Amino acid sequence: TADAALEKTQAEQNQRLAGQTLAELRQHWQREQAGLNRWQQLEALAQRRRELAVLQTMQATQVQQGEQKIAAQEKALGVLRDQHKELAAQVADKQKLLEQERRIQSLETHRRQLQPGEACPVCGAHEHPAIAEYAALDVSATETAVNEKQAALEALVQKGQQAKAEQAATQATQKEWQAQQEKTTQEIRRCQAQWSELIGQIPANPLRANDWQSSETLKSGRSAAELALATLAQCLKAADAGELALNLARKTANDHSLSLQTATSQLGSLQQTLQSNQTRQAELQQTLKIRQQEQAELDTRLSSTLAEAGF
C-alpha cells in the first residue's frame, strides 16, 4: 500500500541521514568543502614559501657578494688615493724644480758678466762656483719630466673617477638588492602569518609551523580531504534523491488518502441514496398493496352488484 511504501522510504532515508537532518548533512558537506579549499590554499602558500626561501638564499648571497665587492673597491680606491697623493707630491716637486731652473736660466745674462773676484750684482758673492753647473742646466728635460708626471697624475685621477663611479654603481645595485631582500623578507612574514592562520582552521591540526617545506605532507592531507568530501558528496546526493523519493511517497500516500476519503464519501452518498430508494420502494409496494386490496374489494362489490342485478 501507499502507507507501507511511505514507511519503507522514510526508514531508508533515516538510514542515509544517520541521525542528521538533510540541512545538517548539507552543512557538513559545506564544512568539508571549505576544509578542502584550505588544504589547497596551504599547498599554494607552501609552494610560494619554498620559492621565497630559494629567493631569500640567492638574495643573501648577492648582498654578501655586493658587500665584498664594495669593500674591495674601497680598498682599491684607498690605494689610488695613496698613489695620487704620492704622484701629486712628485709633480709639485718637479714643478718647483722647473720653476727654479727657469729662474736660473733667466739670469744667464748676469752670469756671463760675472768675473772672478768681482761681487755678484744679485747676491753680492765674490766666488761663483756653480756657474758651470747652471750653464749645464736642461730646462726642457725637466719640463718633459713634469709633463710626464702631470699626465700620469691626470690618468690616475681619471682612473680614480672611474673606480669611484663603478663603486657608486655597485652601491646603487647593492641598495636595490637590499630593497628586494627586505621585500622578500616582508612577503615571508606575510606567508608565515597566513600559514599560521590557515593551519589553525584545520580540525585536529596535524600540521606544524615548518611543514610548508614538505610537499608530500600537504599532498597527503589534501588527498584525505578530497576523499572525505567525495564520500560526503555521494551521501548528500543519495540523501537528496531519497528526499525526493520521500516527498513523492508522501504525495502518493496523501493522494491515496484523499482518494479513499472521496470514495468513502461517495459510498456513503450512494448508500444513503440506496437506503432512500429502498424506503421509497417499500412505500410504493405498500401503496400498491393497498391499491390492490382496494381494487379487489371493488371487484368483489362489482360482482355482487352484477349478481343482484341478474347479470
Side-chain angles (χ1 to χ4, degrees), residues 1-41 198 200-206 221-311:
T1 64
D3 289 339
L6 175 59
E7 184 176 352
K8 179 183 177 183
T9 304
Q10 182 68 67
E12 292 172 347
Q13 183 68 344
N14 291 341
Q15 185 176 5
R16 294 187 194 97
L17 293 174
Q20 302 180 89
T21 64
L22 184 59
E24 290 171 342
L25 182 60
R26 196 176 304 282
Q27 289 175 355
H28 188 187
W29 175 83
Q30 291 172 344
R31 287 194 299 271
E32 290 294 333
Q33 179 67 58
L36 176 58
N37 290 339
R38 280 190 287 271
W39 278 104
Q40 292 170 339
Q41 289 173 4
L198 283 173
Q201 297 172 2
I202 301 293
N205 183 8
R222 188 248 306 157
S223 298
E226 287 175 339
L227 179 60
L229 181 62
T231 301
L232 196 57
Q234 291 179 349
C235 292
L236 181 59
K237 182 178 180 181
D240 281 334
E243 193 68 17
L244 290 175
L246 183 58
N247 289 334
L248 180 60
R250 284 173 181 155
K251 184 177 184 303
T252 301
N254 187 57
D255 291 345
H256 183 268
S257 178
L258 289 176
S259 298
L260 182 60
Q261 290 177 2
T262 301
T264 301
S265 178
Q266 290 175 347
L267 178 60
S269 297
L270 289 174
Q271 288 176 338
Q272 185 176 2
T273 301
L274 177 59
Q275 185 176 2
S276 297
N277 289 337
Q278 288 175 342
T279 302
R280 179 60 178 166
Q281 183 180 15
E283 291 175 351
L284 290 175
Q285 288 178 346
Q286 183 66 28
T287 301
L288 178 59
K289 185 177 180 181
I290 293 171
R291 294 292 181 269
Q292 288 175 343
Q293 290 177 351
E294 291 176 350
Q295 182 66 38
E297 291 176 356
L298 288 175
D299 288 343
T300 300
R301 284 203 298 259
L302 178 60
S303 297
S304 297
T305 300
L306 289 174
E308 290 176 356
F311 290 99

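Since this is a predicted model, take the numbers as computed values, not measurements. Residue numbers count from 1 along this sequence.
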Quick one: pull up [atom1] in [X] and [atom2] in [Y] and give me the separation to the nearest 0.5 Å.
X      : Y      : atom1 : atom2 : answer
Arg250 : Asp3   : CZ    : CG    : 13.0 Å
Arg222 : Leu229 : CZ    : CG    : 12.5 Å
Leu270 : Ser265 : CG    : OG    : 9.5 Å
Thr264 : Leu260 : OG1   : CG    : 4.0 Å
Thr273 : Gln266 : OG1   : CD    : 11.5 Å
Leu22  : Asp240 : CG    : CG    : 5.5 Å

Heavy-atom closest pair, residues [X] and [Y]:
X      : Y      : answer
Ala228 : Glu32  : CB-OE1, 3.9 Å
Arg31  : Arg38  : O-NH2, 4.4 Å
Cys235 : Leu25  : O-CD2, 4.0 Å
Thr9   : Gly242 : CG2-O, 4.5 Å

Other residues, nucleotides, ligands: >12 heavy atoms within 6.0 Å of [X] [atom1]:
X      : atom1 : answer
Gln293 : CD    : yes
Gln275 : CD    : no
Glu7   : CD    : no

So Lys289 and Gln285, side-chain contact (heavy atoms from CB on, under 4.5 Å) or not? Walk me through it. CA-CA 6 Å; Lys289 185 177 180 181; Gln285 288 178 346; over 6 Å; no
Side-chain donor-acceptor pair present, [X], [Y], cut-off under 3.5 Å:
X      : Y      : answer
Arg16  : Gln13  : yes
Gln10  : Asn14  : yes
Asn277 : Gln281 : no

Answer yes or no: is there a side-chain heavy-atom contact under 4.5 Å between Glu12 and Lys8?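 Heavy-atom side-chain distance check passes, below 4.5 Å.
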Non-neighbouring partners of Ile290 that pass side-chain contact (heavy atoms from CB on, under 4.5 Å), sequence neighbours left out: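 Partners of Ile290 by the side-chain contact (heavy atoms from CB on, under 4.5 Å) criterion, ordered by chain and then number, come out as Gln286, Glu294.
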Could you walk me through whether Asn37 and Gln41 pass side chain to side chain donor-acceptor pair (under 3.5 Å), step by step? CA-CA 6 Å; Asn37 290 339; Gln41 289 173 4; over 6 Å; no
